[in-house]
Amino acid sequence: METGKDVVSIGVYEKILPRLLEGLGVTVQLTIYSAVLAFVIALAVGFARLSKFKVVRFLSGIYVEFFRGTSLLVQLFWLYFVLPQLGISLPADLTGLLALGLNYGAYSSEIVRSSILSIPRGQTEAAIALNMTPGQRMRSVILPQAFRIMLPSFGNQLIELLKGTSLVSLITISDMTFAATTLRTDMNQYTPEIFGLLLILYFVIAYPLTLGVRWFERRLSTGRS
């Protein structure tokens with residue numbers, strides 16, 4: 001009896017896993033593209049928050065506080081359901097990409113800003129004494145040090161972004177979570193197996209990302225105290 005039950009379970013997993021793996025590719029792509037967009041936004045807004053122009057600091061501050069102060073789910077629904085009523089229709093995958101990039105870009109911009117501000121003033125003064133231009137000081141002195149400070153927090157944000165991609169299933173993007181909810185409708189009696197595999201697959205993606213960030217941290221720290 002137990003052997004038969006085990007055989008049935010294996011057969012169930014053989015049906016579930018391929019469907020989830022189809023969504024895995026979508027999840028990975030969405031994570032990568034959203035992370036790139038969030039990183040670009042983080043750098044741009046992080047520098048804007050440090051601008052000498054008050055209006056630039058003000059506008060970038062509004063962006064950050066708005067996206068940090070509202071729900072990612074509501075932002076996603078707003079882009080997908082409200083924009084079309086205003087005459088702007090976006091494909092579901094682009095909507096998911098924008099929502100994730102804009103939201104996590106806002107959080108990450110504070111990482112950029114605080115990391116740059118954490119560099120000791122003496123570093124800038126030494127660069128000025130060497131007749132470096134502001135651009136040279138930023139590229140050669142401040143950013144290399146600030147980036148090492150940013151990296152662990154960026155790694156955390158990347159994992160959070162990966163988990164946040166599960167929300168795009170609510171706007172019909174066929175990621176892993178969408179595949180799991182569809183399977184649950186078709187195979188409700190196997191809900192534990194479906195969502196158990198989903199948990200494992202998210203971990204399988206997240207753990208190598210964590211290891212990769214740690215490896216990169218060690219590489220940047222090599223030869224430095």
Side-chain angles (χ1 to χ4, degrees), residues 19-51 53-114 153-186 188 191 194-195 198-199 201-202 205-206 209:
R19 296 272 296 273
L20 292 180
L21 290 178
E22 290 176 7
L24 184 144
V26 176
T27 296
V28 170
Q29 288 183 33
L30 188 59
T31 299
I32 293 172
Y33 296 151
S34 299
V36 171
L37 177 59
F39 181 71
V40 171
I41 291 174
L43 288 179
V45 177
F47 281 115
R49 296 273 278 163
L50 299 171
S51 173
F53 300 108
K54 187 175 181 179
V55 65
V56 175
R57 295 198 305 272
F58 176 74
L59 292 175
S60 59
I62 289 178
Y63 161 76
V64 170
E65 296 307 324
F66 176 80
F67 278 95
R68 292 200 309 172
T70 56
S71 166
L72 172 58
L73 180 60
V74 175
Q75 295 163 16
L76 189 65
F77 281 176
W78 202 92
L79 290 172
Y80 190 70
F81 294 113
V82 178
L83 279 186
Q85 297 186 26
L86 301 177
I88 304 173
S89 295
L90 300 174
D93 53 355
L94 180 57
T95 299
L97 170 64
L98 286 176
L100 290 166
L102 290 169
N103 184 276
Y104 286 95
Y107 281 96
S108 299
S109 69
E110 287 297 282
I111 297 173
V112 173
R113 184 184 68 86
S114 61
S153 297
F154 275 159
N156 290 336
Q157 286 296 304
L158 181 59
I159 300 303
E160 290 298 319
L161 191 154
L162 167 64
K163 293 186 291 185
T165 60
S166 61
L167 293 177
V168 304
S169 63
L170 299 174
I171 60 170
T172 70
I173 294 178
S174 55
D175 71 323
M176 287 195 301
T177 302
F178 182 84
T181 54
T182 302
L183 279 166
R184 180 178 176 274
T185 301
D186 299 336
N188 184 59
T191 296
I194 293 169
F195 286 98
L198 183 64
L199 283 173
L201 287 175
Y202 272 110
I205 302 172
L209 288 177

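What's counted below: heavy atoms across the whole structure, side chains too, no hydrogens, waters or symmetry copies. Residues: numbered from 1 along the sequence shown.
- The distance from atom CG of Leu100 to atom CG of Leu37, rounded to the nearest 0.5 Å, is 9.0 Å.
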Inset, instruction - May I have the step-by-step check of side-chain contact (heavy atoms from CB on, under 4.5 Å) for Thr185 and Thr181, ending in yes or no? - result: CA-CA 6 Å; Thr185 301; Thr181 54; 5.8 Å; no

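- Here the closest heavy-atom approach between residue Val64 and residue Ala106 is recorded as CG1-O, 3.9 Å.
- Among pairs with a residue in residues 162-172, those fulfilling side chain to side chain donor-acceptor pair (under 3.5 Å) read Glu160-Lys163, at least two apart in sequence or across chains.
- Ser153 and Ile111 get closest at one heavy-atom pair: CB-CD1, 3.5 Å.
- In this structure, the ring pair (Phe, Tyr, Trp, His ring centres under 6.0 Å) partners of Phe77, at least two apart in sequence or on a different chain, are Phe81.
- In this view, Ala180 and Leu20, Ile194, Phe195, Leu198 satisfy the side chain to side chain contact (heavy atoms under 4.5 Å, CB included) rule, not counting sequence neighbours.
- When all heavy atoms of Ile173 and Ala92 are compared, the closest pair comes out as CD1-O, 3.0 Å.
- In terms of heavy-atom proximity, Ala38 sits nearest to Leu161 at CB-CD1, 4.4 Å.
- Among pairs with a residue in residues 171-185, none fulfils salt bridge (Lys or Arg N to Asp or Glu O under 4.0 Å), at least two apart in sequence or across chains.
- Under the side chain to side chain donor-acceptor pair (under 3.5 Å) criterion, Arg68 pairs with Glu65, sequence neighbours left out.
- The shortest distance between side-chain heavy atoms of Phe154 and Val112 falls below 4.5 Å.
- Heavy-atom minimum distance, Ser60 versus Arg49: OG-CD, 3.4 Å.
- Note that CG of Leu167 is 5.5 Å distant from CG of Leu73, once rounded to the nearest 0.5 Å.
- Atom CG of residue Leu162 and atom CE of residue Met176 lie 7.0 Å apart, to the nearest 0.5 angstrom.
- Under the side chain to side chain donor-acceptor pair (under 3.5 Å) criterion, no residue pair touches residues 23-41, with sequence neighbours excluded.
- Considering only heavy atoms from C-beta on, Ile159 stays 4.5 Å or farther from Asn156 through its side chain.
- Leu102 contributes atom CG, which lies 7.0 Å from atom CG of Leu79 (distance to the nearest 0.5 angstrom).
- Listed by first and then second residue, the ring pair (Phe, Tyr, Trp, His ring centres under 6.0 Å) pairs that reach into residues 88-114 come to none, sequence neighbours excluded.
- Remark: Tyr63 engages Phe67 in a ring pair (Phe, Tyr, Trp, His ring centres under 6.0 Å) (not counting sequence neighbours).
- To the nearest 0.5 Å, the span separating CD1 on Ile32 from CG on Leu158 amounts to 9.5 Å.
- Closest non-hydrogen pair, Ile41 versus Gly101, comes out as CD1-O, 3.7 Å.
- Remark: Phe66 engages no residue in a ring pair (Phe, Tyr, Trp, His ring centres under 6.0 Å) (not counting sequence neighbours).
- Annotation: side chain to side chain donor-acceptor pair (under 3.5 Å) contacts involving residues 73-93, sequence neighbours excluded, comprise Thr70-Gln75, Gln75-Asn103.
- Between Ser108 and Phe39, the closest side-chain pair of non-hydrogen atoms is not below 4.5 Å.
- Applying the side chain to side chain contact (heavy atoms under 4.5 Å, CB included) rule to Leu50 yields the partners Arg113, Ile116, Leu117; only residues at least two apart in sequence or on another chain are considered.
- By the side chain to side chain donor-acceptor pair (under 3.5 Å) test, Tyr202 is found to be paired with Thr177, residues two or more places apart in sequence or in another chain being considered.
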